[in-house]
Protein chains: 8
Amino acid sequence: MRDQLLRDLAEQLAGGRLTIDDFVARAARSDVADLGDAQIDLDRRRRCGFPEVVYGEGKTVEQLAKIFDALVAAGVDVLATRVAAEKATELALRYPTAKYNPVARTFRIPLSTATAMPCGRVVIVTAGTSDLPVAEEARETALWTGAEVDLIQDVGVAGPQRLLAKLPEIRKADVVVCVAGMEAALPSVLGGHVDCPVIGVPTSVGYGASLGGLTALLSMLTSCAANVTVVNIDAGFKGGYLAGLIAARCRRN
Amino acid sequence: MRDQLLRDLAEQLAGGRLTIDDFVARAARSDVADLGDAQIDLDRRRRCGFPEVVYGEGKTVEQLAKIFDALVAAGVDVLATRVAAEKATELALRYPTAKYNPVARTFRIPLSTATAMPCGRVVIVTAGTSDLPVAEEARETALWTGAEVDLIQDVGVAGPQRLLAKLPEIRKADVVVCVAGMEAALPSVLGGHVDCPVIGVPTSVGYGASLGGLTALLSMLTSCAANVTVVNIDAGFKGGYLAGLIAARCRRN
Amino acid sequence: MRDQLLRDLAEQLAGGRLTIDDFVARAARSDVADLGDAQIDLDRRRRCGFPEVVYGEGKTVEQLAKIFDALVAAGVDVLATRVAAEKATELALRYPTAKYNPVARTFRIPLSTATAMPCGRVVIVTAGTSDLPVAEEARETALWTGAEVDLIQDVGVAGPQRLLAKLPEIRKADVVVCVAGMEAALPSVLGGHVDCPVIGVPTSVGYGASLGGLTALLSMLTSCAANVTVVNIDAGFKGGYLAGLIAARCRRN
Amino acid sequence: MRDQLLRDLAEQLAGGRLTIDDFVARAARSDVADLGDAQIDLDRRRRCGFPEVVYGEGKTVEQLAKIFDALVAAGVDVLATRVAAEKATELALRYPTAKYNPVARTFRIPLSTATAMPCGRVVIVTAGTSDLPVAEEARETALWTGAEVDLIQDVGVAGPQRLLAKLPEIRKADVVVCVAGMEAALPSVLGGHVDCPVIGVPTSVGYGASLGGLTALLSMLTSCAANVTVVNIDAGFKGGYLAGLIAARCRRN
Amino acid sequence: MRDQLLRDLAEQLAGGRLTIDDFVARAARSDVADLGDAQIDLDRRRRCGFPEVVYGEGKTVEQLAKIFDALVAAGVDVLATRVAAEKATELALRYPTAKYNPVARTFRIPLSTATAMPCGRVVIVTAGTSDLPVAEEARETALWTGAEVDLIQDVGVAGPQRLLAKLPEIRKADVVVCVAGMEAALPSVLGGHVDCPVIGVPTSVGYGASLGGLTALLSMLTSCAANVTVVNIDAGFKGGYLAGLIAARCRRN
Amino acid sequence: MRDQLLRDLAEQLAGGRLTIDDFVARAARSDVADLGDAQIDLDRRRRCGFPEVVYGEGKTVEQLAKIFDALVAAGVDVLATRVAAEKATELALRYPTAKYNPVARTFRIPLSTATAMPCGRVVIVTAGTSDLPVAEEARETALWTGAEVDLIQDVGVAGPQRLLAKLPEIRKADVVVCVAGMEAALPSVLGGHVDCPVIGVPTSVGYGASLGGLTALLSMLTSCAANVTVVNIDAGFKGGYLAGLIAARCRRN
Amino acid sequence: MRDQLLRDLAEQLAGGRLTIDDFVARAARSDVADLGDAQIDLDRRRRCGFPEVVYGEGKTVEQLAKIFDALVAAGVDVLATRVAAEKATELALRYPTAKYNPVARTFRIPLSTATAMPCGRVVIVTAGTSDLPVAEEARETALWTGAEVDLIQDVGVAGPQRLLAKLPEIRKADVVVCVAGMEAALPSVLGGHVDCPVIGVPTSVGYGASLGGLTALLSMLTSCAANVTVVNIDAGFKGGYLAGLIAARCRRN
Amino acid sequence: MRDQLLRDLAEQLAGGRLTIDDFVARAARSDVADLGDAQIDLDRRRRCGFPEVVYGEGKTVEQLAKIFDALVAAGVDVLATRVAAEKATELALRYPTAKYNPVARTFRIPLSTATAMPCGRVVIVTAGTSDLPVAEEARETALWTGAEVDLIQDVGVAGPQRLLAKLPEIRKADVVVCVAGMEAALPSVLGGHVDCPVIGVPTSVGYGASLGGLTALLSMLTSCAANVTVVNIDAGFKGGYLAGLIAARCRRN
């Protein structure tokens, strides 16, 4: 149907009955579900590899449901992040097949037909126990992309034995997501032990000179390890999404 | 009456019975309504094109009412911003013709005699749904200035189809108000598509490195698009006011 | 010629011989002059009202000349900013009709056929004598847009008489560009005296807590005057460009 | 009694029975009332002109009362700042002659024997109505120092008429305390109108780029007016205290 | 002559031949010497107690001479700050009675007729030897205001004996100017020893966490001593000017 | 038992049946108690001199109890910091010999067999009464390390007599922990009086330019006293721990 | 030889003649070339996938040559970054097969035996011409890792046609490196168009509110596009290295 | 002689012929050598354990020589830091026994009679070769305090083998000084391996998000290792001085 639309528009354009601006605007319109206060990007899977993920913060249950319905109708395996527990309880009544992870605060409505495909391996590592919620968000997101995911907790550098004990497991990764707050020394140390990208996710764990996660962020950005890249503070979703993208490419080639 | 006062003062000055400082002070006094803890600027419409807008934050219902009364008495079309819902409920009882916008948190007491005049067109654009309260404040303010106003929501750059679909509508603007948080890339992108000023209103939407809106602010200030100018974080009022000033000038000439 | 190209592309698209992405890419290509390390935007005047302005900082004389030639060939009234004096001397030999302003550091190659059209009035105001280079850059840019421009210097608030003496002249503006460093109180004061937009251009003039212009920038952004909007530090070009856009709209309507 | 102590200590020192360090420590001890978790400085009036002022924030009613009792016993006219309303209610029962200012949040126990002496004049000026609590703290403190104090409210620069109307009154000051938030342009403007020091007290009034008062602070520090000096954000107490010190010196000479 | 001008203007105003805005603008004009790129404030001594001081940074010898001539013609005791040595050498040829202080970088052209009047005492104190240039600028400025000035050097808190040895001399001050870099603990310590205002002048002396003087500035602003007020980093001129203003008021009353 | 494990692993390594990485991982594993979401470092006392201290913030009572049990089983004298009062009440029921300090918010389960050994002396000094909670955390931690500890309160520099009176006592220290907020001048002053290290612990006490303790932190870092070193804001635990380490070394030698 | 060493050490450990610490230290030692002031990591290729890259900044020609020799001796394809042109000229004499890229400032000594293997594709995109040096550093590094690399220049968002024209080429990437300064909107826009990771490299291009690249950095970190990750400002090397790691993994699987 | 002075002063005090302030001032004066623009603290060795160290930055050769002479005359083993090479060359002519370290930029005039006493051991560790100048300053200072000092270079965490190889040597320290720039992960890692204090000295090595050493500073301050304390950026002198103080105390007890 979209193809027919484009053909029609192109003919109008070729015939001089549409400006190029209007041609592009109308062509684009068919890729978007217009819900009034939200515009759902239905072409995203084609362009970007994965469909749109819903950011739950500050949206009402009604708004979320309206978006979920549009996505389900388009055959999308829905993932929403930052969904508070109370909202999840209400939403679960509407979407009985959905799964809510209360630590990650993610809400997912899996498609029954989705089949796991062989794929790269993501290893998520945390420096301390307080980093867990961010790590869980990363884990849920990476799982949603179809990657194989391991989670290794509480191996911060102040107790070096803890990391040494887990290194063989970590070295199996195709991509590491390293979640750490305070001075965030762990990504640099990990970076020296593995042969794959390390995605640093700084967390707001800490006080005083931690500056709400800014110190961890700056520390990761200036890492002396060449294989460390960084996303926003507490951005477990981004860490998991990028890891999933890299793991997917491992699979595909 | 004011003319007579000035004449009298000028004669005293010319006669050496007033210093120049005292002359200026007494002349100025007649332009101000002295309410004790607030000084209402009654000469503002003449000097600045529009009357004074009331900033509601931190004022009590009694204080607001006292100011509203003084303005209504002076024949002003009252607009107050940042008025909490509870205060608005109380105030609505006193001013039955007033209109409260709960998303924008604006309170307006329109003059029955105000007549819409032909005027320039303001288009307000938001990057995401969370930017709506700031955009609504801008919309209410621009409407109060007499401009024609359109609001286009949720066309952030991560889904480029969404913006393309709306471009023909946006290009009709005399001035664009672009409301965006996080990295605020939208004003730069818009700036490359339109031939009018783009007023960027950064919002505090985002987390971590968003720094409460500072990143959006800095991003807009360093925009590579030459037609982007910027107001304070979450300053929907300023965005709408400036847009109204520009639109009004379109009309006048 | 561009029309024929579009028609051809549209027919290929309609015939299924082009994807929509390739269609758009090829259509876009004709709007750009590809100079290797620079892509000159030839469609800009249509989209944005004015042609592209060249940012001279960090470009060699050869690079500048290559870009100037492409623009002149396209019939553009060339304006380049941040051109150092030595480069200007060399360039002047190649472009004998060009004018260099050594305070503003702008280089302009006017078209002989350009005719001044009636237009809005821009008034540029500086707080101190050190703000002059930024003000001159604004002035040259606004003149290039076709606006009528006045420049009023050194009327900072510490000597209030100086501003009072110039107010009648300033109040004739359709838009004011206010260039100020240090605490940048002048835009707020001006904002209370005029009925048009005030574009604040903070400068890096000052020392210590001036923080290289950040204090002036923050001060302007938090101005208590509703009609003050702000551009980047030392961004005389942007101030002049936006003023020109607003003045042009005065003319057109 | 203190004289006798010093004489005894000096004789021990001269006789070699005390080291100089111990001599100084013991001499100092008699100037301090040791209340366990607080050390009250009883020598302060001699050294610093005024007795110690009690900072109420974070102290319990019991702690405050213990300190008040020690000060009253030493014949001091007690002033406490940042005293919450609930604490003041309890304290008022114990000190029936005390006066609590709920806007300033100051608590004062005046000495019946204190006699007002002729003294310099302090004028406190606010930019907006939200600056009032800080201004009231300054007023209470300056009154406590014995100065004559005027308070002029809501004369921010966006409405220049308001300041002009009050200038003759402000120019009578020996020292001006200027309380302002946001861009804090008022001290610079005032500085150009008066022949006495202007003590700027930045307030945390504002949002976004106001940065909790930092912008007002930086703006005042970089004021182009040479007679503006600055204290901490919201530091009404310091503004009033310094004004009192300057006014007192006027009196004395 | 100015009186006659005012009388004429007032009559025109009273007769309706001048608007109030134009009246004020023309009245103000007579207080300003318009030098093209500089507007010299000739009314300043009446309004502000002292004439205008010239900020030499970034002005050419020609510009300085033009301003000096205007001031000398108006009978002003000229003081210029931040005058580089090379410029001073040239200027000294034109103004043979001038005095240049190479450490303070101040240039002064004293009036032969100026007579020292009895006045308050300013004591300037430095924490370290590197603070001297700023202290000298303060000293020259305070001397120019007519105050009696002492300078006490290198008594930072790390060597407490040094300060103790100088305390009796410091306690004779009517106002103390305390110049300090790094952590700037000295103003707080001094504040506990004297009964007059302490004007803190933070300097950019230090490295690393000194942040170019910001740490000293913030430290002084948060001083636990109530009698400490602060000016901009390296602002010796402001420190001396304010001290002079306070000392002058001591004399006058 | 650990020795036997190492011997076995080493033989496997020597025999080529283990890679060096796996050898190290397995050897490390025996030093860690794996509690699922926490990895307890049991080798720490050997490596670092003291066992692991538990950071209580954000851990549930159940999580704390699980960790306490593992530590008690390993014969460790448990210390937990940042334990809220409600959690402490619950925990006290399970560990009847434990001691909770509600000001310091520390929870300790002492071993009956621990014997105090002769050791260096730690003196903890506070600038104001609001610094007490941080100082108490430092005190509890230093006591746990076996050091002798004195606490001297409220001797900030604004009242110099207070410090002088306590100097002889402070000079007996082997290491001083100085806890101060606001401008934190006390460590510099103390540094000039003692012949041992001064560990500065900045506190978040203060407002405005105190920036939540950053000013105190920066001030201490730039101290002109050479013997001042610094830990994180409000890090009473670190101050006490380091003091304990230094005091312990005094004992040992 | 290393195997024999480990076997010997393991036997000593098993026999109790070595502590575990000493065992680990001696085993580690054989992986490092100790050059006195530099320790060259020879085991890095095994652990991290690629050998060590030399950071040239601040190293003398002699130091660089010493390191190069050690690496060449170990059979490493040498890459050095931030090598100034003068140093490169000297080094080129010693290493005649080396290649110096003066824009990237990279120095490479390729191994004759290195064979290009089929691998993923890296596309490097710049926003403006000033971003080229950083992009070239990324390109050289990615080439060194064996990836296929394309470079597309000057397609910043202010001229949207420029990007559209290049999109089909960019969409062929396995990983995009996006180099941009100022507000750095390009990575967000690109992120919405491609299905692979986008590594943002912020540059210090810009002035004023660009804050030396911090604004670009913060903007990229808060990108609304989920597939954008970030490295340090001007870190072309890291961008190219990470891209190479991802591309390599495409190849391997 | 000092004893006789104190006795005389005490008698005057006891006899009422001196105030206590004057008594203290005169007693203090004998501890200071007054050189005009510098006050040399001669009592410092008694109070603080070591004599005064001269900060060479910004002092002329003449000023340095004047201070050196005063110190030598008082029998002090002179140490000066931040002495530029040219100054050192001149000074070496005057003080033939002096030693200049051009990397550390320290100048020392050792006393022939100084005898090394048994003392604690300081180990200085650097993360990279660029940290050497700061480490050398620390080493020279620690040596001057009489400590035994080892220097271990270039063992940053990205190459973990390098640190492991040196751990046995590092573990012999009584105090570690860890010099690191960029993300400064090394102190945290070291902190987990040793049983003594680790003094972190952040360096300004790095670019972009290193922020001139601020990131390293913040990272060290938020270290998860409890035994890490921090001094100012590039403050090798302080690191060495504090290490010396701790080592000295090991010796003394």
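Basis for what follows: all heavy atoms, side chains included, without hydrogens, waters or symmetry-related copies.
- In this structure, the side chains of G:P168 and C:R26 stay at 4.5 Å or more apart for every pair of heavy atoms.
- With respect to chain G, the highest number of heavy-atom pairs below 4.5 Å among C:D37, C:L217, C:D41, C:V32 belongs to C:D37.
- Considering OH of C:Y55 and OG1 of G:T129, their distance stands at 10.5 Å, rounded to 0.5 Å.
- Within the 4.5 angstrom heavy-atom criterion, only side-chain atoms of C:R44, from C-beta onward, approach chain G.
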Using residues 149-157 of chain G as the side-chain source, report each donor-acceptor pair under 3.5 Å to any protein atom, sequence neighbours left out, with the distance given to one decimal.
from	atom 1	to	atom 2	distance (Å)
G:D150	OD2	G:R121	NH1	2.8
G:D154	OD2	C:Q39	N	2.5

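- One finds no salt bridge joining C:D22 and G:R171 here, because no Lys/Arg side-chain nitrogen approaches an Asp/Glu carboxylate oxygen to under 4.0 Å.
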Q.
G:R162 vs C:D43, test: salt bridge (Lys or Arg N to Asp or Glu O under 4.0 Å). Steps then yes/no.
A. CA-CA 10 Å; G:R162 305 182 300 182; C:D43 182 49; over 6 Å; no
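- Of the two parts of G:L163, neither the backbone nor the side chain holds a non-hydrogen atom closer than 4.5 Å to a non-hydrogen atom of chain C.
- For C:R47 against G:P160, the heavy-atom pair with the smallest separation is NH2-CD, 3.6 Å.
- Proximity of a side-chain donor or acceptor of C:N232 to a complementary backbone N or O of G:A209 within less than 3.5 Å is detected.
- Here OG of G:S130 is found 5.5 Å from NZ of C:K59. Values are rounded to the nearest 0.5 Å.
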